[in-house]
Amino acid sequence: MISHPRSQHCKSHRKMAQQSVKVLTLLVCVLWCAFAAAAGSPADEAIFNVGSYGAHADGQTDDSNAFLKAWEAACAASGKVKIQIPGGTYKLGPIVFKGPCPNVASLTVVHRGKILASTNLDKFDTDAWVTFYGVKGLRLSGGGTFDGQGAAAWDQNSCSKTKHCKALPVSVKFIHTNDTIVKKINSVNPKFFHMAVIGANKFRASDLKLEAPDESPNTDGIHIEASSDVKITNTSIHTGDDCISIGHGSTDILIARIECGPGHGLSIGSLGKYNYEKDVRGLVIRDSNITGTTNGVRIKTWENSPVSTVATNITFQNIQMTNVSNPIIIDQSYCPFANCGSKEPSKVKLSNINFIGIRGTSATPVGVTLICSKGYPCQNVNMQSVHLKYINGSEVTAVCANVSPSYSGTVIPKTCTAPSSANA
């Protein structure tokens, strides 16, 4: 039987159409797989909700065991994992979220609730409340709050009175973490520091809100120590001590777009207190506002340091001061107590220190204080485009010892006089 030419033509079109559908379907599958691989499919992320592990979220029951079980299950999983802390009020005693989590690519903690610290100090045998230890790829976010309930413990803090003391617990501590991102997290009323970053590498924090009364003792906002490649940005800190303090062994640190005050300002140090301290290098603090604090930008080192160390390549840039006592200060005779027992000079060597674009109002007649160590005078301290006024509109003065600063641009105050009694 001879088929009609038109029939053969129709069969050919149908075959071509079927092939086109197959090709199109294959193309869609390829594109979807590529998109899922790039964006991360939700099915690839294991979810661990603290409620599923027994958390009560009633603000009364201790939920520490439920949180630990959720963490242990997530840490034992593989790939991308997420721990969910839903809205609600949780109560936790001291707790350590410990790594490593060897098969986890990233571990996200979404904190949307309010977590209360225990007020029973007998429960704390360490210097931290919530600790993340040895974790790689941690992501902490969600807009939740850590409430240290510090008001019940502040009167037991002796560290504001004596050099040798037992520290109260830090609210949230990151120890030996790597590749960490903390975003949109709140902290209120810590017993000691709000946050501490110790021995960390590649740490990023942004959009934090840290609050405590201005009379609360030693409630530093964020303390950084022995860490490298740290960036703290877009953060509001109102507290009773340093908004941010950078301790020994810190390198490659960026602090930017900080709203600080009340508090004690943005500080390097204190340095030179302990015999195990390491050098500090490569710090930048910029693009920030400081309001109503007892200090502005500050470097503080203890007198009679047990070992000699270096702090170098430090820049403070584009800082607005509003009613700030001691807007610019280097204090190498630092002693927060009535008597530190020694007048030996600090052995911390300061060099390559830049104050650029510091402007605003001083609450004290002395706007610039540069008191360097008589044993190791400061080297290469630069003042560029600095303009400070006393709050009554008059000129502020500058006091210097053991340093010869250089000036460029318009600098007010420019004349530096010796202090009436330098103890550096």
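Values reported hereafter were calculated over all heavy atoms of this structure, with side chains retained and with hydrogens, waters and symmetry mates removed.
Taking the six-membered ring for Trp and the full ring otherwise, Tyr90 and His56 have centroids separated by 6.0 Å or more. Taking the six-membered ring where the residue is Trp, the centroids of Tyr276 and His248 are separated by under 6.0 Å. Ring centers of Tyr133 and Phe97: at least 6.0 Å apart, outside the cut-off.
Put simply, the side chain of Thr131 never gets that close to the backbone of Ala128: no donor and acceptor are under 3.5 Å apart. Counting only distance, with no hydrogens or angles, the side chain of Thr89 and the backbone of Gly59 share no donor-acceptor pair below 3.5 Å. A donor-acceptor pair is defined here as one N or O able to donate and one able to accept, closer than 3.5 Å; such a pair exists between the side chain of Asn186 and the backbone of Gly143. Side-chain atoms of Thr145 do not come within 3.5 Å of backbone N or O of Asp147 as any donor-acceptor pair. A donor-acceptor pair under 3.5 Å is formed between the side chain of Ser216 and the backbone N or O of Pro213. Remark: the backbone N or O of Ala398 is paired with a side-chain donor or acceptor of Thr417 at under 3.5 angstrom. Arg359 contributes a side-chain N or O that, together with a main-chain N or O of Gly357, makes up a donor-acceptor pair within less than 3.5 Å. A donor-acceptor contact shorter than 3.5 Å links the side chain of Lys347 to the backbone of Ser305. In this structure a side-chain-to-backbone donor-acceptor pair under 3.5 Å is present from Asp331 to Ser333.
Residues satisfying the side-chain hydrogen bond (donor to acceptor under 3.5 Å, both in side chains) criterion with Thr251, sequence neighbours excluded, are absent altogether. For Asn120, there are no side-chain hydrogen bond (donor to acceptor under 3.5 Å, both in side chains) partners two or more places apart in sequence or in a different chain. Checked against ring-ring contact (aromatic ring centres under 6.0 Å, His included), Tyr376 has no partners two or more places apart in sequence or in another chain. With sequence neighbours excluded, no residue forms a side-chain hydrogen bond (donor to acceptor under 3.5 Å, both in side chains) with Gln384. Checked against side chain to side chain contact (heavy atoms under 4.5 Å, CB included), Tyr407 has the following partners two or more places apart in sequence or in another chain: Met383, Pro405, Val411, Lys414, Cys416. With sequence neighbours excluded, the residues that form a side-chain hydrogen bond (donor to acceptor under 3.5 Å, both in side chains) with His238 are Ser236.
Applying side chain to side chain donor-acceptor pair (under 3.5 Å) to Glu259 and the options Asn234, Thr235, Asn289 leaves one that passes, Asn289. For the side chain to side chain contact (heavy atoms under 4.5 Å, CB included) test with Pro413, the passing option among Val396, Thr397, Val399 is Val396; the others fail. Each of Arg139, Lys80, Lys82 was evaluated against Glu45; a single residue qualifies, Lys82, per the salt bridge (Lys or Arg N to Asp or Glu O under 4.0 Å) test. Among Ile224, Leu140, Ile198, the single residue meeting the side chain to side chain contact (heavy atoms under 4.5 Å, CB included) criterion with Phe174 is Leu140. Only one option out of Val50, Ile85, Val81 pairs with Val109 in a side chain to side chain contact (heavy atoms under 4.5 Å, CB included); it is Ile85.
Smallest separation of non-hydrogen atoms from Asp220 and Ser245: OD2-OG, 3.0 Å. Here the shortest heavy-atom pairing between Leu283 and Ser250 reads CD2-O, 4.0 Å. Contact between Pro169 and Thr126 at its shortest, heavy atoms only, is CB-O, 4.5 Å. The nearest pair of heavy atoms linking Gly272 to Trp302 is O-CB, 3.6 Å. Nearest heavy-atom pair, Gly221 versus Ile237, reported as atom, atom and distance to 0.1 Å: CA-CG2, 4.0 Å. A pairwise comparison of heavy atoms in Leu370 and Val403 identifies O-CG1, 3.7 Å as the closest pair.
Side-chain polar atoms of Thr301 and Gln332 form a donor-acceptor pair below 3.5 angstrom. In the model, Ser171 has no side-chain atom that pairs as donor or acceptor with a side-chain atom of Trp129 under 3.5 Å. A donor atom on one side chain and an acceptor atom on the other are found under 3.5 Å apart for Thr312 and Ser351. If you check the side chains of Asn323 and Thr361, you find no donor sitting under 3.5 Å from an acceptor. Side-chain polar atoms of Thr61 and Asp58 form a donor-acceptor pair below 3.5 angstrom. Side chain to side chain, Ser228 and Asn201 meet the donor-acceptor criterion of an N or O pair below 3.5 Å. Donor-acceptor pairing under 3.5 Å is recorded for the side chains of Thr239 and His194. Checking Thr315 against Asn354 by side-chain atom types alone, a donor-acceptor pair falls below 3.5 Å.
Here Ile328 contributes atom CD1 and Ile358 contributes atom CD1; the two are 5.0 Å apart, rounded to the nearest 0.5 Å. The CG atom of Asp63 lies 11.0 Å from the NZ atom of Lys69; values are rounded to the nearest 0.5 Å. With values rounded to the nearest 0.5 angstrom, Ser64 atom OG is found 4.5 Å from Leu92 atom CG. Of the inter-residue distances, the one linking Ile353 atom CD1 with Ile314 atom CD1 reads 4.0 Å to the nearest 0.5 angstrom. In this structure, CG in Leu210 is found 10.5 Å from SG in Cys260, a value given to the nearest 0.5 Å.
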* **Check against side-chain hydrogen bond (donor to acceptor under 3.5 Å, both in side chains), Asn352 and Asn313** => CA-CA 5 Å; Asn352 302 330; Asn313 297 332; 3.1 Å; yes
* Carefully, step by step, assess Cys159 and Cys165 under the rule disulfide (SG to SG under 2.5 Å). => CA-CA 5 Å; Cys159 292; Cys165 65; 2.0 Å; yes
* Working for side-chain hydrogen bond (donor to acceptor under 3.5 Å, both in side chains), residues Thr369 and Asn326 -> CA-CA 7 Å; Thr369 301; Asn326 309 306; 4.7 Å; no
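A salt bridge links Lys300 to Asp242: at least one charged side-chain nitrogen sits closer than 4.0 Å to a carboxylate oxygen. Remark: Asp179 does not engage Arg204 in a salt bridge, criterion side-chain N to carboxylate O under 4.0 Å. The pair Lys123-Asp125 fails the salt-bridge criterion, with no side-chain N (NZ, NE, NH1 or NH2) lying under 4.0 Å from an Asp/Glu carboxylate O.
The environment of NZ in Lys273 is crowded: more than 12 heavy-atom neighbours from other residues, nucleotides or ligands sit within 6.0 Å. Dense packing is recorded around CZ of Arg257, with more than 12 heavy atoms of other residues, nucleotides or ligands lying under 6.0 Å away. The local environment of CD in Gln60 is sparse, with at most 12 non-hydrogen atoms from other residues, nucleotides or ligands closer than 6.0 Å. The environment of Lys278 atom NZ is sparse: at most 12 non-hydrogen atoms of other residues, nucleotides or ligands sit within 6.0 angstrom.
Checked against the 2.5 Å cut-off, the SG-SG distance between Cys75 and Cys101 falls under it.
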